[in-house]
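In what follows, a structure is listed as structure tokens, so that the remarks can point back to it.
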Amino acid sequence: MNYTVDENGYYGEFGGAFVPEMLFGNVEELRKNYLPIIESEAFKTEFEALLKDYVGRPSPLFFAKNLSEKYGAQIFLKREDLNHTGAHKVNNTIGQILLAKALGKTRILAETGAGQHGVATATVCALMGLDCTVFMGEKDIVRQAPNVARMKMLGAKVVPATSGSKTLKDATNEAIRYWINNPDSYYLIGSVVGFHPYPDMVARFQSVISAEIKTQLQEKFGNPNPQYVIACVGGGSNAAGAFYHFLDEPMVKLVAVEASGMGVDSGETAATMQIGTKGVIHGSMTMLMQDKEGQIIEPYSISAGLDYPGIGPLHAHLFQTKRAQFLDATDNEALDAALELTKTEGIIPALESSHALAALSKISFKPSDVVVVNLSGRGDKDMETYMRHFQL
Ligand SMILES: *Cc1c(COP(=O)(O)O)cnc(C)c1O
């Protein structure tokens with residue numbers, strides 16, 4: 001079985017590049033150039049130096065002793081929460097900003113839902129002195145005021161998307177429209193979604209996570225492979241990064257955890273693999289939540305970063321080939337898991353990452369099992385939600 005992208009941008013039957021004709025030139029430029037650039041020695045040297053000194057990598061692999069006792073396994077946390085800006089997203093924005101520079105682009109555009117990707121993009125634009133425009137649904141701008149303020153402080157222009165439901169998919173439409181009108185700019189996508197080559201490119205940048213896990217487990221146990229790798233999935237980038245170097249190790253069980261919101265059948269969910277069907281979203285053939293007319297069903301999750309109606313094409317392929325197991329966790333299960341990690345290990349996780357932690361109670365482990373949970377982000381941004389739910 002093959003889990004890498006083919007030359008047309010497909011993982012099995014998922015992927016591709018369904019883009020308007022006006023974008024062919026831009027997409028072609030990127031498709032032809034991304035591998036030669038990111039595989040060059042000059043690029044690798046600069047990327048690795050920034051990951052080390054700016055992001056703070058390698059992120060630790062922490063043995064969670066108390067959690068391990070509770071679940072009867074050897075549980076390790078991959079601490080992406082300790083990265084600069086508080087999550088894994090910066091691994092990808094650093095990679096893409098270096099690529100944009102190598103392509104000679106000076107203007108960056110992005111779309112953001114909760115604002116986390118917008119902040120990670122505005123951060124690297126500030127670092128590199130590049131012009132940054134972020135499209136964001138008008139509703140999300142109101143809901144995510146602190147992230148809007150961060151982006152502005154970092155020098156980005158935040159443009160409200162006022163059409164449709166005024167959320168992420170509308171921001172995406174406006175970003176693509178802007179790209180068509182400004183073909184000299186670079187479109188910086190925040191997850192393993194969108195048209196080829198973005199899913200492959202983002203997975204490669206995030207693959208530093210599993211590369212480090214391998215080295216760290218090798219040092220601890222003399223064996224680079226755990227029994228389980230568990231990660232939450234919105235678009236799928238932290239999971240893709242955590243799975244990447246284990247895809248061809250069939251003994252390593254890969255567990256992807258989606259957000260089921262109020263419950264899979266509640267109508268208030270973001271569990272794409274549970275209720276989704278095949279279709280095109282964001283320029284790629286994948287699984288998505290849509291009604292009979294092909295209209296996107298508005299997703300819901302307490303966690304803004306998992307509130308996405310699709311999933312990257314690699315994950316649709318991992319689901320179909322059964323290479324990864326897809327579980328889901330509700331809002332309440334994620335909240336319980338967040339409180340549990342906080343009380344047992346003294347780490348306040350992001351709500352997204354709490355969905356991955358919630359899967360620990362859904363799997364029966366053997367005491368010898370080495371389990372890596374990708375702790376994709378820290379909980380600072382979620383304190384308001386925690387205050388409300390835990391009456392702090
Ligand atoms: C954005 C985000 C996610 C979800 O995005 P993926 O592309 O699925 O990784 C998960 N965790 C955190 C902390 C995030 O900020």
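Predicted model only: the values in this text are computed from it and were never measured. In each ligand, atom 1 is the first atom listed, and ligand 1 is the first ligand listed.
Atom 12 (C) of ligand 1 has its closest protein heavy atom at Ser376 OG, 3.5 Å. In terms of protein heavy atoms, atom 10 (C) of ligand 1 is closest to Glu352 CB, 3.4 Å. Counting protein heavy atoms only, atom 4 (C) of ligand 1 is closest to Gly305 O, 3.4 Å. Nearest non-hydrogen protein atom to atom 6 (P) of ligand 1 is Ser237 N, 3.3 Å.
Panel note: side chain Ser353, backbone Leu375; no donor-acceptor pair is recorded below 3.5 Å. Glu111 contributes no side-chain N or O that, together with a main-chain N or O of Ala171, makes up a donor-acceptor pair within less than 3.5 Å.
In terms of polar-atom proximity, Ser191 is counted as a contact of ligand 1, with an N or O under 3.5 Å from an N or O of the ligand. At least one N/O-N/O distance between Gly234 and ligand 1 falls below 3.5 Å.
Heavy atoms from both the backbone and the side chain of Asn238 come within less than 4.0 Å of ligand 1. By the criterion of a heavy-atom distance under 4.0 Å, neither the backbone nor the side chain of His117 is placed next to ligand 1.
Of the candidates Lys89, His355, Gln206, it is Lys89 that places a heavy atom closest to atom 2 (C) of ligand 1.
Taking the salt bridge (Lys or Arg N to Asp or Glu O under 4.0 Å) definition, one finds that Glu340 meets it with Lys70, sequence neighbours left out. Qualifying side chain to side chain donor-acceptor pair (under 3.5 Å) partners for Tyr300, counting only residues two or more places apart in sequence or in other chains: Asp331.
Nearest approach of Glu7 to His196, heavy atoms of both residues: O-NE2, 4.2 Å.
Checked against the 6.0 Å centroid threshold, Tyr3 and Tyr244 do not count as a close aromatic pair.
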